[in-house]
Amino acid sequence: MRVVVDTNVFINGIFKQDEFSKAIFNLKSLNKISFVMNKEMQNELLVTFGDILIEAINRTKGKDSFKIFPLMAALSKCLWQVEEIDHIINTDYCKDDYSDNKFVDCCIDGDVKYLITQDQHINSISNVLEKEHNIEVLSPFQFYTKYKSKQI
């Protein structure tokens with residue numbers, strides 16, 4: 001099963017240890033789902049991840065308490081064997097945060113049915129996306145619960 005995962009799910013799973021975001025990554029590592037991304041999504045993730053690491057390093061001033069390698073390994077594991085697709089369509093569904101459209105675009109370009117996110121801008125257009133493109137917008141909790149109960 002192919003899914004598009006928003007940057008916030010990566011960040012919440014890796015840095016905030018959100019159990020349902022981590023469960024999404026576990027499903028991927030077990031080859032139960034696969035991630036689909038376009039270059040813009042990859043760039044956003046890497047820039048966001050880098051910014052968080054730089055902030056953490058500056059905050060701890062290089063003390064041993066901050067371990068960068070486990071975090072890099074977690075990101076690497078999440079990005080391993082991602083299906084990269086071309087960003088062709090440019091929608092404007094997310095008018096309050098235009099940068100969120102890249103996730104919607106990826107679903108449309110890749111014919112992906114599930115968009116996993118915790119973003120309010122994308123959640124606010126979920127009915128339109130389901131009606132017009134058959135894209136189901138789900139939180140990590142919703143996706144994992146539906147997956148485990150065999151509803152998807």
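FYI, side chains are in, hydrogens and waters are out, and symmetry mates aren't considered; it's all heavy atoms of this structure.
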- Message: Rounded to the nearest 0.5 Å, what separates atom CD1 in Ile88 from atom SG in Cys106?
- Response: 10.5 Å
- Message: Just verifying a value: how many Å separate Thr7 OG1 and Gln42 CD, rounded to the nearest 0.5 Å?
- Response: 10.5 Å
- Task: Dump the intermediate steps for side-chain contact (heavy atoms from CB on, under 4.5 Å) on Asp109 and Asp86, then the final yes or no.
- Result: CA-CA 7 Å; Asp109 289 335; Asp86 291 330; over 6 Å; no
- Locate the shortest heavy-atom distance separating Asn26 from Ser29; write the atom from each residue and the value. O-OG, 2.9 Å
- In Å and rounded to the nearest 0.5 Å, what is the CZ to CD1 distance from Phe103 to Ile122? 6.0 Å
- Message: Can a side-chain donor-acceptor contact be found between Asp105 and His87 if the only test is distance below 3.5 angstrom?
- Response: yes
- Item | Nearest non-hydrogen partners of Phe143 and Ile152, listed with the distance | CE1-CD1, 3.3 Å
- Euclidean distance, Phe49 CZ relative to Phe10 CZ, rounded to 0.5 Å: 10.5 Å
- Item | Considering all heavy atoms, the nearest Val112-Val3 contact | CG1-CA, 3.6 Å
- For the pair Arg2 (side chain) and Gly110 (backbone), establish whether a donor and an acceptor sit closer than 3.5 Å, ignoring hydrogens and angles. yes
- Item | Distance, nearest 0.5 Å, that separates OG of Ser139 from CG of Asp6 | 12.0 Å
- Query: Under the 3.5 angstrom rule, does the side chain of Ser124 hit a backbone N or O of His121 as a donor-acceptor pair?
  - Reply: yes
- Item | Whether Asp92 side chain and Tyr98 backbone form a donor-acceptor pair below 3.5 Å | no
- Backbone N or O of Lys102 within a donor-acceptor pair of the Asn38 side chain at under 3.5 Å? yes
- Query: Mind checking whether Tyr144 and Phe20 have parallel, tilted or perpendicular rings, split at 30° and 60°?
  - Reply: tilted
- Query: Is a donor on one side and an acceptor on the other found under 3.5 Å between the side chain of Ser126 and the backbone of Asn123?
  - Reply: yes
- Item | Check against side-chain contact (heavy atoms from CB on, under 4.5 Å), Val5 and Lys28 | CA-CA 11 Å; Val5 179; Lys28 182 188 179 298; over 6 Å; no
- Note on the structure: d(Ile125 CD1, Leu115 CG) to nearest 0.5 Å is 8.0 Å
